[in-house]
Colleague: 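Attaching a single structure in structure tokens format; questions to follow.
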Amino acid sequence: MANETCLFCRIVSGEVPAIVVYEDEDSLAFLDHRPLFHGHTLLVPRRHVETLGDLPASLVGSFFKAAQLLALAVEQAMNAEGTFVAMNNRVSQSVPHLHVHIVPRRRKDGLKGFFWPRTKYKNEEEMLEVKKLISTELAKLKKEHG
């Protein structure tokens, strides 16, 4: 289930070298070659999927157990105060293959919260309207995916 043009599939297959820090039956983790900080790790599913929504339900548990384990390991290994764990879905996804960033963090390390401007809701009514939109879509998806 690899994509021949996908950089991360080529890393998983061994065609492209990477510094692998973790692997199991379903996933592989390696050091980011352009890290935010030393220890910045990328976790990818071995199977080519582009987004979290594409990850088969049967792999979600093992994939996020690996992310949890790596978050703890990176924090301890890098003597960090915590980690930033993040993933992009399509927008800002530099490689179209699902990947989780696990970045060691320290207070006053220079990263400012999220890396984009924050916004506010006008009022509670607007928040409730957004809640309704999301709830409606969740109901549809639950119906479709059982």
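Along the sequence shown, residues carry numbers from 1.
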Colleague: Could you point out which residue of Val44, Val20, Leu7 forms a side-chain contact (heavy atoms from CB on, under 4.5 Å) with Val12?
Modeller: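 One option only clears the test, and that one is Val44.
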Colleague: Just verifying a value: how many Å separate Asp54 CG and Leu59 CG, rounded to the nearest 0.5 Å?
Modeller: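 Reported to 0.5 Å precision, the distance equals 12.0 Å.
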Colleague: Can you get from Met127 to Leu138 by hopping between Ile, Leu, Val, Met, Phe, Trp and Tyr side chains that sit under 4.5 Å apart?
Modeller: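 The answer is yes; both residues are in one hydrophobic cluster.
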Colleague: Would you say Leu43 ends up clustered with Leu72 if hydrophobic residues are merged whenever their side chains have heavy atoms under 4.5 Å apart, either directly or through other cluster members?
Modeller: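 As far as the 4.5 Å side-chain criterion goes, Leu43 and Leu72 are not connected within one cluster.
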Colleague: Can you give me the closest heavy-atom contact between Pro104 and Val74, atom names plus distance?
Modeller: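 In terms of heavy atoms, the two residues are closest at CD-CG1, 3.7 Å.
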Colleague: Can you confirm whether Leu55 sits close enough to Leu98 that some side-chain heavy atom of one is under 4.5 Å from a side-chain heavy atom of the other?
Modeller: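 In short, these two side chains touch, coming nearer than 4.5 Å.
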Colleague: Taking C-beta and beyond as the side chain, do Pro56 and Val49 meet within less than 4.5 Å on heavy atoms?
Modeller: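 A side-chain contact exists here, since the closest heavy-atom pair is under 4.5 Å.
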Colleague: Is it true that atom CD of Gln68 has more than 12 heavy atoms of other residues, nucleotides or ligands lying nearer than 6.0 Å?
Modeller: no
Colleague: Under 6.0 Å between ring centres: does that hold for His99 and Phe8?
Modeller: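 For His99 and Phe8, the ring centres are under 6.0 Å apart.
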Colleague: When you measure from the side chain of Arg90 to the backbone of Pro96, do you find a donor-acceptor pair of N or O atoms at a distance under 3.5 Å?
Modeller: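 Such a contact is absent between Arg90 side chain and Pro96 backbone.
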Colleague: Assess whether a salt bridge exists between Glu81 and Arg106, defined as any Lys/Arg side-chain N lying under 4.0 Å from an Asp/Glu carboxylate O.
Modeller: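 No, no charged N to carboxylate O under 4.0 Å.
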Colleague: Between Val95 and Cys6, what is the shortest heavy-atom contact and its length?
Modeller: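 Closest pair (atom of Val95, atom of Cys6, distance): CG1-SG, 4.3 Å.
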Colleague: For the atom pair OG1 (Thr83) and CD (Gln76), what is the distance rounded to the nearest 0.5 Å?
Modeller: 10.5 Å
Colleague: In terms of heavy-atom contacts, does CG of Leu133 have more than 12 from other residues, nucleotides or ligands at under 6.0 Å?
Modeller: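 More than 12 heavy atoms, drawn from other residues, nucleotides or ligands, come within 6.0 Å of this atom.
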Colleague: Rounded to the nearest 0.5 Å, how far apart are NZ of Lys140 and OG1 of Thr136?
Modeller: 7.0 Å
Colleague: Is any side-chain heavy atom of His101 closer than 4.5 Å to a side-chain heavy atom of Met87?
Modeller: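 Not in contact.
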Colleague: Quick one: does Phe37's side chain get under 4.5 Å of Val103's, heavy atoms only?
Modeller: yes
Colleague: In Å and rounded to the nearest 0.5 Å, what is the CD to NZ distance from Glu124 to Lys131?
Modeller: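 The NZ atom of Lys131 is 10.0 Å from CD of Glu124, to the nearest 0.5 Å.
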Colleague: List the steps and the verdict of side-chain contact (heavy atoms from CB on, under 4.5 Å) for Leu42 and Ile102.
Modeller: CA-CA 6 Å; Leu42 299 176; Ile102 300 154; over 6 Å; no
Colleague: Kindly assign one of parallel, tilted or perpendicular to the pair His97 and His48, based on the angle between their ring planes and the thresholds 30° and 60°.
Modeller: perpendicular
Colleague: At what distance, to the nearest 0.5 angstrom, does CD of Glu137 lie from CD of Glu144?
Modeller: 8.5 Å
Colleague: Give, for atom OG1 of Thr51 and atom CD of Gln93, the distance between the pair rounded to the nearest 0.5 Å.
Modeller: 7.0 Å
Colleague: Side-chain donor-acceptor contacts of residues 23-32 below 3.5 Å, not counting sequence neighbours, with atom names and distances?
Modeller:
from: Glu23; atom 1: OE1; to: Arg46; atom 2: NH2; distance (Å): 2.8
from: Asp24; atom 1: OD1; to: Asp26; atom 2: N; distance (Å): 2.8
from: Asp24; atom 1: OD1; to: Ser27; atom 2: N; distance (Å): 2.7
from: Asp24; atom 1: OD1; to: Ser27; atom 2: OG; distance (Å): 3.0
from: Asp24; atom 1: OD2; to: Tyr22; atom 2: OH; distance (Å): 2.7
from: Asp24; atom 1: OD2; to: Ser27; atom 2: OG; distance (Å): 3.3
from: Asp26; atom 1: OD2; to: Ser62; atom 2: OG; distance (Å): 2.9
from: Asp32; atom 1: OD1; to: Arg34; atom 2: N; distance (Å): 2.7

